[in-house]
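Working notes, beginning with the structure itself.
Values in this document were obtained by computation on a predicted structure and should not be read as measured data. Every chain is numbered from 1, with letters handed out A, B, ... down the list of sequences.
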Number of protein chains: 2
Amino acid sequence: MTHLRSGQVAEQAGVNPQTLRYYERRGLIAEPPRSPGGHRAYPPETVDLLIVIKAAQRLGFTLEEVAELIDTGRRGHPTPDLRARAKAKIAEVDARIADLMTIRTTLNQVVTAGCDSLTDCTCPDCPMVT
Amino acid sequence: MTHLRSGQVAEQAGVNPQTLRYYERRGLIAEPPRSPGGHRAYPPETVDLLIVIKAAQRLGFTLEEVAELIDTGRRGHPTPDLRARAKAKIAEVDARIADLMTIRTTLNQVVTAGCDSLTDCTCPDCPMVT
DNA sequence: GGTAAGCCTGTACCTGGGTACCGGGTGCAA
DNA sequence: TTGCACCCGGTACCCAGGTACAGGCTTACC
């Protein structure tokens with residue numbers, strides 16, 4: 001009674017059932033025990049793990065990074081690894097934001113300069129190509 | 001002498017030769033005339049077109065959007081289409097920046113709260129899951 | 001006319017994060 | 001015991017934007 005079937009885990013975690021097997025292949029969730037017939041029997045904590053995985057993904061971590069974070073966390077090391085990685089991720093996010101700000105500025109110039117064609121813009125000092 | 005071979009176009013535009021054929025398939029560049037032996041003979045303007053395509057990509061337009069922009073521009077319509085699309089793209093960029101700012105804030109909370117594990121965080125009011 | 005570089009088509013592969021389909025086996029309840 | 005939902009493994013496919021490879025032909029230069 002303390003175990004869940006894959007469909008139940010998927011529904012409670014809000015993911016597609018296929019995603020469970022995918023995460024298992026990717027090493028994000030452990031291979032659960034099986035019923036005599038070969039059906040996966042998940043411990044209830046798997047739902048929480050999936051929720052955490054989704055949260056980490058929303059923070060911009062790739063599945064590979066999430067797998068590493070889970071892995072170092074599970075070894076019981078009291079490492080500052082998560083904080084270090086979060087700091088590194090902040091730097092990545094900042095870089096991406098800076099990129100987008102540059103793009104935004106150029107797009108704004110396109111609008112205010114009155115560009116009317118990608119290929120034959122008649123506006124002076126067209127900001128597209130530069 | 002007024003035409004270029006695919007390798008020359010690719011080199012001058014700074015793209016991979018294979019990319020030329022890919023863009024041709026995608027409808028971004030027209031099918032050029034061929035030599036008697038079947039080799040593509042590009043007009044020199046193709047280089048400029050490729051440079052413009054790359055510039056538009058850097059502004060966040062997808063290849064499909066670029067194809068449409070080239071297409072409406074080439075029909076000679078003096079439409080405000082490019083400006084309208086640039087404005088829409090600015091809105092997309094703004095939304096993405098807002099997303100990233102939210103992510104940044106949460107990551108910062110992870111750092112300052114001292115989260116030490118994805119799965120078993122000991123910090124109070126862990127911001128990961130919420 | 002030989003040879004090497006370059007180009008041709010078609011097809012397969014890559015990244016990342018899944019999703020869908022197929023044919024067949026299981027689990028559970030009535 | 002039968003019916004049906006569910007699950008199994010394996011494989012293929014999706015998005016975007018390319019990149020790579022194989023086997024064969026063309027072009028250019030000496």
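- Residues B/Ile53 and B/Ile29 have side chains in contact (heavy-atom distance under 4.5 Å, counting atoms from C-beta outward).
- Shortest non-hydrogen contact noted between B/Ala10 and B/Asn16 is CB-C, 4.1 Å.
- Side-chain atoms of B/Val9 and B/Val47, non-hydrogen and from C-beta on, do get closer than 4.5 Å to each other.
- Rounded to whole Å, atom P of D/dA28 lies 13 Å from atom CG of B/Leu4.
- At its two ends the helix from C/dG1-D/dC30 to C/dA30-D/dT1 runs along axes set 20° apart, each axis drawn from five pairs and the angle rounded to 10°.
- Residues from residues 90-97 of chain B that place a heavy atom under 4.0 Å from any atom of DNA chain C: there are none.
- Using a 4.0 Å cut-off on heavy atoms, the residues of residues 24-44 of chain A that approach DNA chain C are A/Ser35, A/Gly37, A/His39, listed by number.
- The shortest distance between side-chain heavy atoms of A/Arg58 and B/Ile103 does not fall below 4.5 Å.
- Residue B/Thr62 places no side-chain N or O under 4.0 Å from the OP1 or OP2 atom of D/dA16.
- Per the geometry, OH belonging to B/Tyr22 stands 11 Å off C1' belonging to D/dT19, to the nearest Å.
- Counting non-hydrogen atoms under 4.0 angstrom, A/Arg5 reaches the backbone sugars and phosphates but no base.
- Residue A/Ile70 holds its CD1 atom at 11.5 Å from CZ of A/Phe61, rounded to the nearest 0.5 Å.
- Taken from CG in B/Asp71 to CG in A/Leu118, the straight-line distance is 11.0 Å, to the nearest 0.5 Å.
- The CD-C1' distance, from B/Glu64 to D/dC14, rounds to 15 Å in whole Å.
- Across all their heavy atoms, A/Ala56 and A/Val66 have their closest contact at CB-CG2, 3.8 Å.
- Heavy-atom contacts of chain B under 4.0 Å fall on DNA chain C between two terminal nucleotides, which in 5' to 3' order are C/dG6 to C/dG10.
- For B/Asn16, no side-chain nitrogen or oxygen approaches OP1 or OP2 of D/dG17 to under 4.0 Å.
- Taking atom CZ on A/Arg21 and atom C1' on D/dA12, their separation rounds to 13 Å, with Å as the unit.
- For the side chain to side chain donor-acceptor pair (under 3.5 Å) with A/Tyr22, the lone residue among A/Arg25, A/Gln18, A/Arg26 that qualifies is A/Arg26.
- In this structure a side-chain-to-backbone donor-acceptor pair under 3.5 Å is missing from A/Lys89 to B/Leu107.
- The closest side-chain heavy-atom distance from B/Thr19 to B/Leu50 is not below 4.5 Å.
- Remark: B/Lys54 is not in phosphate contact with D/dG17, judged by side-chain N or O atoms under 4.0 Å from OP1 or OP2.
- Here side chain to side chain donor-acceptor pair (under 3.5 Å) pairs that include residues 32-47 of chain B, with residues two or more places apart or in two chains, are B/Glu24-B/Arg40.
- Atoms CZ and CD1, from A/Arg104 and B/Ile90 in turn, are 5.5 Å apart once rounded to the nearest 0.5 Å.
- For A/Leu28 against A/Ala67, the heavy-atom pair with the smallest separation is CD2-N, 3.6 Å.
- Note: CZ (B/Phe61) to C1' (D/dG17) measures 17 Å, nearest angstrom.
- Checked against side-chain hydrogen bond (donor to acceptor under 3.5 Å, both in side chains), A/Glu68 has the following partners two or more places apart in sequence or in another chain: A/Arg85.
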